[in-house]
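Before any comments, here is the structure.
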Amino acid sequence: MKICVIGTGYVGLVSGTCFADIGNEVICVDVDNKKINNLSSGIIPIYEPGLEEMVKRNLKQGRLKFSTNVSNAIKKSNLIFICVGTPIIKKTNAANLKYVFQVAKKIKSNLINYKIIVTKSTVPVTTGDKIENILKKNKFKSKFDVVSNPEFLREGEAIRDFVVPDRVVVGTTSKKAIKIMKSLYLPIIKKSTRFFSTSRRGAELIKYASNAFLATKISFINEMANLCEECNINIEDISVGMGLDQRIGERFLRAGPGYGGSCFPKDTRAIVTLAKKFRTNLSIVNSVIKSNENRSKILFNRILKILKNKIKNKQITFLGATFKANTDDMRESPCLSLMPALLLRGAKINYYEPTGAKKELHKFKKVNYSKNIVNATKKADLIIIHTEWNEFKHLNLKKLIKNKNVIIYDMRNIYSPEKMKKNGIKYYGIGK
Ligand code: UDX
């Protein structure tokens, strides 16, 4: 099929490339000229394992193209995927749809024949209706269908999540559109992935509800971890014991520093705002948001306790700075609230980040980037394991122990207290 993907961020670039990889002709378009030129020469602006190789392969085989000529790409395609950003409006916590509607108007003026317009960006319930109303006024009187097809891609696992998804959700009542979407996803769903079609608004809500529920699971286990710390229980036993119940499931029950990233924080706030518009109070999601926002205060107080309230001039090292491992994304990373709080109390901070120095941290004078783990941890009084990169799983404990006072605060429970005790290292985990 001939596909046009509008927006080449995490969602658009991964989706467009994967659609090309399963045999479609794809043009990914963006207004950012520099970005498009880079992409056309295989330079990828995001850290996503496996993406660069897949882009280069499909560019070479001519199935994947990049362009700034949106009109032309729309005219030549049967399916148009809207993958532009829907950032949060700070004041109202609602999703900002201005880019979505700008694209819808662009599609309207190039709707020369029947096309399926697909919203893949995370959009509030009823957005598809609004796009439909815009397109109805197209001067060609062309027929079309507006379909919701939300993505469930995790950063760092996006290609895998696209190629082997738990489910493909398509929201439309048009039989013609369902048939076409089913044949588009055939190479993926034939491996027994569930192809689930529902109403358009239903598909729009499934995305928000899924992220809100996953965020709830994470905040739930983090609060259980708080309780475990008070009654000397190991949270990891609770996660295993709970997860063995098929109705609960073992995934997304790892206690940690709280959820970050671009999706959970944004989508939980957006679904609460949307619900309010429909006179519904999502009290559980509201408390999940508050619980997660409060988490950095809880972790900060734990650090105060670990350092016996002596933070001034202490050398604190963060291993990892991004919101989770296998990504370069700093959006809503827990360290962005923890580091300033520690600096305010006079701490000196080093960090090592596998994806390199982070511009978000340059503004803090007493935060230094170290090129490797050894330099970062050399004179540390406290080492905070902030993300679960594999390279943090084999720290040279013998070398670390040379620094007698070192303490490890393992916010990802990578290590066991027993192993640390055996190596003579003072160690704190989460929920232990
Ligand atoms: C999420 C959803 O998983 C994905 O389906 C959606 O399309 C986009 O948002 P992402 O934000 O990339 O993906 O990361 P994810 O791996 O889901 O982790 C989200 C946050 O939860 C991270 O901060 C992570 O550290 C945290 N997390 C995840 C935990 O604290 N514990 C867990 O067990 C799992």
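We count ligands from 1, going down the list as the structure has it; atoms in each ligand are counted the same way. Each residue takes its place number in the sequence, starting with 1. Since this is a predicted model, take the numbers as computed values, not measurements.
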Hey, which atoms in ligand 1 end up nearer than 4.0 Å to a heavy atom of Glu151? 7 (O)

Distance under 6.0 Å and angle within 45° of ring axis: Arg167 vs Phe152: yes

Shortest protein contact, atom 17 (O) of ligand 1 (heavy atom only): Phe252 CZ, 3.2 Å

We want to know whether Lys130 and Thr126 form a side-chain donor-acceptor pair, criterion being a heavy-atom distance below 3.5 angstrom. yes

Does any N/O atom on Arg254 come nearer than 3.5 Å to any N/O atom on ligand 1? yes

Find all atoms of ligand 1 within a distance of less than 4.0 Å from any non-hydrogen atom belonging to Leu253, and give their numbers and elements. 33 (O)

So does Arg194 pair up with Asp166, basic N to acidic O under 4.0 Å? no

Looking only at protein heavy atoms, which one is nearest to atom 2 (C) of ligand 1, and how far off is it? Phe264 CE1, 3.5 Å

So that I can tick it off, tell me whether Glu332 and Arg295 are bridged by a salt bridge, with the cut-off set at under 4.0 angstrom between side-chain N and carboxylate O. no

Does ligand 1 come near enough to Gly260 that some N or O of the ligand is less than 3.5 Å from an N or O of the residue? yes

Numbering as shown, the atoms of ligand 1 that approach Cys263 to under 4.0 Å (heavy-atom distance): 8 (C), 9 (O)

Exercise: do Ser174 and Asp145 side chains pair donor with acceptor under 3.5 Å: yes

Classify the contact between Thr387 and ligand 1 as side chain, backbone, both or neither, using a heavy-atom distance cut-off of under 4.0 Å. neither

Nearest non-hydrogen protein atom, atom 28 (C) of ligand 1: Ile218 CD1, 3.6 Å

Leu153 N/O under 3.5 Å from ligand 1 N/O: yes

How far is atom 20 (C) of ligand 1 from its nearest protein heavy atom, and which residue and atom is that? Tyr259 CB, 3.7 Å

Under 3.5 Å, is there a donor-acceptor pair linking the side chains of Asn149 and Tyr185? yes

Show which side-chain atoms of residues 247-264 pair as donor or acceptor with protein atoms under 3.5 Å away, not counting sequence neighbours.
unit_1, atom_1, unit_2, atom_2, d
Arg247, NE, Asp245, OD1, 3.0
Arg247, NE, Asp245, OD2, 3.3
Arg247, NH2, Asp245, OD2, 2.6

Just checking Phe318 against Tyr352, ring centres under 6.0 Å apart? no

Ligand 1 to Lys207, heavy atom cutoff 4.0 Å, flagged ligand atoms 6 (C), 7 (O)

For ligand 1, find out whether one of its N or O atoms is nearer than 3.5 Å to an N or O atom of Ser262. no

Given Arg154, Glu155, Lys324, Arg412, identify the one with the heavy atom nearest to atom 14 (O) of ligand 1. Lys324

Centroid-centroid distance, Tyr409 to Tyr427, less than 6.0 Å: no

